[in-house]
Trainee: 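Below is one structure. I have some questions about it.
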Amino acid sequence: MKFSAIAEVFDKLESTASRLEMTSILAEFFKTLEPEDIKPIIYLTQGKIAPDFAGVELGMADRLVAKAIAFTVGETESSISEMMIKLGDPGTVAEKLIADKKQMTLFSETLTLGRVISSLTAIAQTEGRDSQGRKMKYLSNMLHDSDPVEARYLCRIVTGRMRTGVAAMTVLDALALSFADKDARPEIERAYNVTSDLGLVGATLAGHGMAGISKIRVKLGNPIRVMLAERLPSLAHILEKMGGECAMEYKYDGIRVQAHIGPDGVKLYSRRLEDLTSNFPDIAESLKSRLNGKDAIIEGECVAIDKEGKMMPFQTVTHRRRKHGMDDAVNDYPVNIFMFDILYLNGKDLTTLPYTERRKLLSDSFSISGKIGLTTMMLVSGPEEAETFFEDALRARCEGIMAKSIGRESVYRAGSRGFLWIKYKKDYSTNLMDSFDLVVVGAFYGMGKRAGKYGALLMAAFNHDTGMYSTVCKLGTGFDDAFLDELPEMLDPYKSEKRPLSVDSKMVPDVWFEPTLVLEVTGAEISVSPIHTAASGIEGEDSGIAIRFPRFTGRVRNDRGPDQATTVEEIEEMYRLQPGKSEFGDAKDL
Ligand code: ATP
C-alpha cells in the first residue's frame, strides 16, 4: 500500500477538530484496507510503530532531523534549523522544502507502508557506533522519495509530534463502525482494556470479526489498562455510597506498577503502561522469588523507605525514574512494594472475581516479607472506624485511604474510573477536593524577574467526550527558579504555530503547545468563569469553570499522558460538590 494514501488521511484528520468527523474519516479508510495493513496503520495514527508498552522509541532529536532534511534537499543544516525555529515544527519545514525540491527530482521510488515501517523500525533499533548517522540516513532516504505531505508526517512521527489528534477511543469507534455494529463497541473496548493494544484489536476485528474479539483475554506480557477511583467529599459519603460497608486500604503515595511475573521473567509497567522494569530491578527480583505459583499479574504501589523502614514522600521514589545511574539509585533509594490487587494467576484471568476473592488470592500467592508487602486493609462498617483508619493511614505517612467495594459486582474494571473504588485524601478536608493533573497548552512570557522565560502557563483539562483540551486556569505560582529555567526545554518540542485544533481556549497565550506535558496543580476553589472553556455553558451561555488560585505542586506527571489528565467531567463534579459555589464574576482575577 502506498504511504501517500495514509498521509492523505492523516492530513484530513488533522484539519478537523470534530471527533465525529474523525471517526467517519477513519472508518471509511479502515474499510478499504487489507487486514494485515490495519495494525501498523493504527499504530501510525498514534505516531508509533508498536503499542506503548513495547517501549519502541523513535525519538529522533530535532537536530538530527534537520540534518536529514538538509542532506535531502541540499540546504545547509543551519538554514534548516533557523526555519525550524520560525515554523516550530520539522514536519512543516520538510514539507515546504520538499515541495520546492520536487520539480528537480528525477529519480524516486514510491514509498510504501512496508518500506516506511521497516525504515522506522530500523531507526528505533539502531544503536552503537555512528547510530545517529545511520538513523539520519534512513530518514533522508525516505524523505528523498516523499511527496510534501508524506515528508510532513514522517518528520512528525520520528520526532514524536504526530498531531492528528486521534484518541484511542476514536480509533475504537471507527473500528466498530467499519467492522461491526454500534452494540459491539463495549466488547471492542473491553478487548482494548485488557490488552492495551489498539493495533491488535484492529487486526483481530478486521481478520476474525467479533468472534475473534470475544476470544481476547488477559495475557501475561500485555499490560491491562488500570482501574481508577472516584472521589467523594467525606468518609460518611463514601460509606453511604458503598452501602454501609466496604474494605478500606491505606492509599500509599508512590509509583503504581503492574507486575507481570512469568516463568521467563518479570516486567513492570507504569500507570501509563511504560516499561519500568529497569527502574525497579530489586522489586522485580523479589516478586519473582516470593510468588508461590507459575505466573501472576499484580498491582501495587512502589514507595521509597528510609533506614528505619518509614515511608518517604513521593519525590524520593521518583529518583528511581531516572534513565542513568540506576545502580546507585537502587542502593540510595530503597523501595518497597505494597500490593493491592491480583488480576491473573496460574494462567487464569481473575479480573471478573469480586474484590474479597482477589484479595485472598493475592495474600495466599506470595510469601510476604522484605520488600514485598500488602496494603494495610480493614473491613469497615461505621463512620468512627473509618475515621480512625483514615487517621492511622495519615500517621503511617500515607496520603489517605482507598475505599473498595466488597459486593458481588466488585470486579476489576480495566480502563475505567468508577465508584467501586473511592479515594479520600487529607487535602479533601480543606475547601478544595483534590489536586488536578492539568495539561500545558500555552505559555505567557514573564516580566520582571521572569523576563526572557515563561512566566505563566495556560492549563487545560481533558474532555473525554470530545477529545478536546479545555482551559481551566492560568498557572503562575508554585514554580521555583530551577523549574522555570527547565521549562523551555521541556515545552519547546511541543510548540505550535497556532492554536492546536484539539485545544478549546478563549485566552490567547504568547506561545501555544500541543497538549503533552502534565503538571499537578492545587487550587483554592472551583468557580464559574467567563474566560475559561471547561464545562462551557454550566451556569449560563458564556460561562465555563475555572480553578481559582492555582498552584504548581512541584510534581511533573511524567507517568501520565495528556488524555489521562483530570477530566472536565471530574472538575465539574468537584465544582458541584463544593459547599458554597462561587458566583459568576469571581473569575476576573484568574
Ligand atoms: P492520584 O493522583 O490521586 O494518585 P490517580 O488519578 O493517579 O490519582 P486514582 O484512581 O485517582 O489515580 O487513585 C488511585 C491511585 O492511588 C492508584 O493509581 C495508585 O497509584 C494509588 N494507590 C495507592 N494506594 C492504593 C491502594 N491501596 N489501592 C489502589 N490504588 C492505590
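Both counts, for ligands and for their atoms, begin at 1 and track the order of listing. Each residue takes its place number in the sequence, starting with 1.
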Trainee: Which is closest to atom 25 (C) of ligand 1 by heavy-atom distance: Arg555, Met402, Glu570, Met377?
Mentor: Met402
Trainee: May I ask you to say whether Arg320 pairs ionically with Asp332, meaning some side-chain N is under 4.0 Å from a carboxylate O?
Mentor: no
Trainee: Would you say the side-chain atoms of Thr388 and Glu391 include a donor-acceptor pair closer than 3.5 Å?
Mentor: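 The criterion, which ignores hydrogens and geometry beyond distance, is not satisfied for Glu391 and Thr388.
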Trainee: Does the ring centre of Phe338 sit less than 6.0 Å away from the ring centre of Tyr250?
Mentor: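 For Tyr250 and Phe338, the ring centres are not under 6.0 Å apart.
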Trainee: So for atom CZ, which belongs to Arg413, do other residues, nucleotides or ligands contribute more than 12 heavy atoms lying within a distance under 6.0 Å?
Mentor: no
Trainee: Using a 4.0 Å cut-off to any heavy atom of Arg256, which atoms of ligand 1 qualify?
Mentor: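 Near Arg256, the atoms of ligand 1 are 17 (C), 18 (O), 19 (C), 20 (O).
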Trainee: Which of the numbered atoms in ligand 1 are under 4.0 angstrom from any heavy atom belonging to Glu249?
Mentor: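 Heavy-atom distances to Glu249 below 4.0 Å select 26 (C), 27 (N), 28 (N).
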Trainee: Could an N or O of ligand 1 be found under 3.5 Å from any N or O of Thr375, whether backbone or side chain?
Mentor: no
Trainee: For Tyr250 and ligand 1, answer yes if some heavy atom of the residue is under 4.0 Å from a ligand atom, otherwise no.
Mentor: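 Tyr250: in contact with ligand 1 (<4.0 Å).
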Trainee: Which ligand 1 atoms are under 4.0 Å away from a heavy-atom of Leu228?
Mentor: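 So the atoms of ligand 1 that pass are 10 (O), 12 (O).
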Trainee: Check if Arg557 has a non-hydrogen atom at a distance under 4.0 Å from any atom of ligand 1.
Mentor: yes
Trainee: Can you find an N/O atom of Lys425 closer than 3.5 Å to an N/O atom of ligand 1?
Mentor: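 Between Lys425 and ligand 1, an N or O pair is found under 3.5 Å apart.
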Trainee: So between Arg560, Arg417, Met339, Arg231, whose heavy atom ends up nearest atom 7 (O) of ligand 1?
Mentor: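 Nearest heavy atom to atom 7 (O) of ligand 1 lies in Arg560.
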Trainee: Do the side chains of Lys423 and Glu399 get close enough for a salt bridge, i.e. N-O under 4.0 angstrom?
Mentor: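 Glu399 and Lys423: not salt-bridged.
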Trainee: Is Glu230 salt-bridged to Arg417, cutoff N-O under 4.0 Å?
Mentor: no
Trainee: Do Phe390 and Tyr424 have ring centres separated by under 6.0 Å?
Mentor: yes
Trainee: Output yes when the distance from some N or O of ligand 1 to some N or O of Ala229 is under 3.5 Å, and no in every other case.
Mentor: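 Among all N and O atoms of Ala229, at least one is under 3.5 Å from an N or O of ligand 1.
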Trainee: Before accepting this row, confirm whether a basic side-chain N of the pair Arg548/Glu525 lies closer than 4.0 Å to the acidic partner's carboxylate O.
Mentor: yes
Trainee: Does Met227 have a heavy atom less than 4.0 Å from any atom of ligand 1?
Mentor: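 For ligand 1, residue contact (heavy atoms, under 4.0 Å) with Met227 is absent.
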Trainee: Give the numbers and elements of all ligand 1 atoms closer than 4.0 Å to a heavy atom of Lys251.
Mentor: 1 (P), 3 (O), 4 (O), 13 (O), 15 (C), 16 (O), 21 (C), 23 (C), 24 (N)
Trainee: Ligand 1 and Glu399, any nitrogen or oxygen pair closer than 3.5 angstrom?
Mentor: no
Trainee: Below 4.0 Å from any atom of ligand 1, is there a heavy atom belonging to Lys404?
Mentor: yes
Trainee: Below 4.0 Å from any atom of ligand 1, is there a heavy atom belonging to Gln564?
Mentor: no
Trainee: Any carboxylate oxygen within less than 4.0 angstrom of a Lys/Arg side-chain nitrogen, looking at Asp349 and Lys219?
Mentor: no
Trainee: Could you list the atoms of ligand 1 found under 4.0 angstrom from a heavy atom of Lys423?
Mentor: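 That gives atoms 1 (P), 3 (O), 8 (O), 9 (P), 11 (O), 13 (O) of ligand 1.
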Trainee: Identify the heavy atoms of Tyr252 and Cys398 that sit nearest to each other, and give their distance.
Mentor: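 Minimum heavy-atom separation between Tyr252 and Cys398: CD2-SG, 3.7 Å.
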Trainee: I want to know if ligand 1 touches Glu520 in the polar sense, i.e. an N/O pair below 3.5 angstrom.
Mentor: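 Among all N and O atoms of Glu520, none is under 3.5 Å from an N or O of ligand 1.
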Trainee: Taking everything shown except Gln46 itself, do over 12 heavy atoms lie less than 6.0 Å from its CD?
Mentor: yes
